[in-house]
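Okay, so here's the structure we're looking at.
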Amino acid sequence: MTLLRTVLLRLITTLITLLGVAVIVFVVIRVVPGNPIAMMLPPGATEADILRLETQYGFDKSIPQQFVIWLGGVMQGDFGMSISTRQPVSTLVLSRLPATLELSIVALLIAVIAGGTMALLGTRFRDTKTEGLVDVTAGMALSIPDFLWGLVLILLFGVLWPIFHISGRISPSLDIDFTTNFYLFEAILRLRFDVIADLIGHMFMPAVALAIPLAAIIAQLLKQSLKETMNLDYVTLARTKGYGEGKVITSEALPNAILPTLTLVGVQFTFLIGGTVIIERLFSYEGLGNMAIDAVINRDLPLIQGIVILFALLFTLINLAVDMLYVVLNPRLRHA
Amino acid sequence: MSYLQIKNLDVRLKGGGPILRRVSLDVTAGQVHGLVGESGAGKSMIGKAVLGTLPRALEITGGAIMLDGTDIGTLPPAERRKRIGATAALIPQDPLTALNPSKRIGPQITRRLVDILGWRRADAQARALELLDEVHIPDPTRVMRSYPHELSGGMRQRILIASAFAAEPKLIIADEPTTALDVTVQKQILRLIAEMQKRHGTALLFVTHDLGVVSKVCDSLSVLYAGKVVEDARMQRFFMSPIHAYSRALLAATPTYTDPKGSLMPVPDTVIDAVELEIAQHDVRAQA
Ligand SMILES: Nc1ncnc2c1ncn2[C@@H]1O[C@H](COP(=O)(O)OP(=O)(O)OP(=O)(O)O)[C@@H](O)[C@H]1O
Ligand SMILES: [Mg+2]
């Protein structure tokens, strides 16, 4: 009963949020200067040509009118036509989403594994040089934003020791007949190890660049809460039972210390996805973010609108997932 | 048979002053030894030194701790941990914080039997149920599946007592096991600890502020002041004729169990001064 109410309430707030985002984006991209129609036509186009196309895309109407028309379409799953590519926005956006999701999830995995390991090591060897090293590494990682890490990685592993691909998502020779756009997922299911290796080779640098700041945040926060947990009575009691320090950390402290980190990782994961916009551009990775920049350059209003709404939806879903995971992991909330 | 023998134990703050000064005490099988002294005297640190859980800022600088005849200081760390885990157990002060909030009760009792002592899972399970029954917990099967937050403080302390006895340790250290509970529950828990200790023939080191409690459950006691044992006596002798001035003052400051309304006297400053002087002299001797 209460759970149902919570979920319903959550759905309603989500819808209101999305509507708010839609209104803001809709208005902002229409009041900034730059005529999308003029940009898509060759330089010699006449006033009449422009006017004709403006009518076709509905730009001759007032902004509120345009919004109502757009919203009506959205209700039926129609996000309009992209001006620059003349394809349905929904098709375009959904074809790119898998690439961005795969990149973000791989980056998240790298961040969790690297940050988690650092936090565990820092806790196990707290008050020693090892903890100092963890702190310094995390501090350095955080003092540089993700896209600059991308440049550093390109210089290191693209130029100095060219071991990874610096652009694209897959080598053309290995572009097997994918049925979905989840290339990595599909390659894993089909056990095509050559394709997996190639995809990872492309994804590695952008994913690491995205992961570095998040890994540092996880390392700092998780280490902090692990160290606090290590002083609690039940951890001390476990020590008297004969467990070694490593075991005490992983099996007594970690399950409790991880909760505050989890909430933060949820929020930070949405920032990470936001980071894909620039990182995908930097590595010419064919994802949603890269398409967003093209859309802005081309003033492709319907496409921008669609991408932003999709990002907003993605962020709300992630937050919802984190909240649910929090309840699952915390027995004190499970029956509430 | 001495289950715990501490000989001239010195504990210091790393790069700082002494916390325990040549502490010696002896707890034999089936006996309850009280450890009293005011706050900050070092009672808990004695227990922690024995159990290997001293705060990182402290270190043992001298003396020996013999657990069931073995000098644990001579064992390599991993083996020492296991030996302590198999020979000794702790009944903690605050049952609300001493159980892991994210784990069910069952595993919190049985895991160490399986992990450290190599029991079969089913045996550990059966043992836990038996113990929960022994500490008078109704419906042990349900409690085994519960999380700590679903149980009252008294219940949780019973569980911790059961858990302490699970591996049949030779020695149990109870560090103010009732101070965090409300008064009505305190008595029951005290009785339960005494009852369990007798039935299992365990040696019990009982840390408390409360001489009234000591007089009820202990066979002997040590009085600790500023990290030093100022008196070590059988119960009867202590209450009949305490030797040390601080002990006498402590007794005078405690309502007797025969006369709970008896007049209370704070420990006089003159006595404190005398003890301080004695300890200062001790330190001078130790440095010489
Ligand atoms: N983590 C620590 N770091 C440094 N000194 C400590 C630490 N823990 C305790 N001490 C010092 O050790 C001394 C003894 O403390 P201990 O906890 O053993 O006292 P206690 O007799 O158990 O007191 P209480 O009755 O309040 O529990 C105190 O003077 C305290 O300041
Ligand atoms: Mg204490």
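Chain letters run A, B, ... following the sequence lines, proteins first, then strands; residues in each count from 1.
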Checklist entry - So A/K241 and B/R81, side-chain contact (heavy atoms from CB on, under 4.5 Å) or not? Walk me through it. => result CA-CA 8 Å; A/K241 292 177 179 177; B/R81 267 201 323 266; over 6 Å; no
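- By number of non-hydrogen pairs under 4.5 angstrom with chain A, the leading residue of B/P101, B/A98, B/G52, B/G85 is B/P101.
- Of the listed residues (A/T236, A/N256, A/T229, A/L237), the one with the most heavy-atom contacts under 4.5 Å to chain B is A/N256.
- The environment of A/R126 atom CZ is dense: over 12 non-hydrogen atoms of other residues, nucleotides or ligands sit within 6.0 angstrom.
- Here the side chain of B/K103 pairs a donor or acceptor atom with the backbone of A/S251 at under 3.5 angstrom.
- Proximity to chain B is absent for every atom of A/N231, based on heavy atoms less than 4.5 angstrom apart.
- With chain B as partner, the option from A/A238, A/P255, A/G242 having the largest number of non-hydrogen pairs under 4.5 angstrom is A/G242.
- Surrounding NZ of A/K129 are at most 12 heavy atoms belonging to other residues, nucleotides or ligands under 6.0 Å away.
- Only one option out of B/T97, B/N100, B/L160 pairs with A/Y234 in a side-chain contact (heavy atoms from CB on, under 4.5 Å); it is B/N100.
- Taking non-hydrogen atoms and a 4.5 Å limit, the residue list of residues 111-128 of chain B in contact with chain A, ordered by number, reads B/R111, B/R112, B/D115, B/I116.
- Remark: A/L232 CG to B/D94 CG distance equals 11.0 Å, nearest 0.5 Å.
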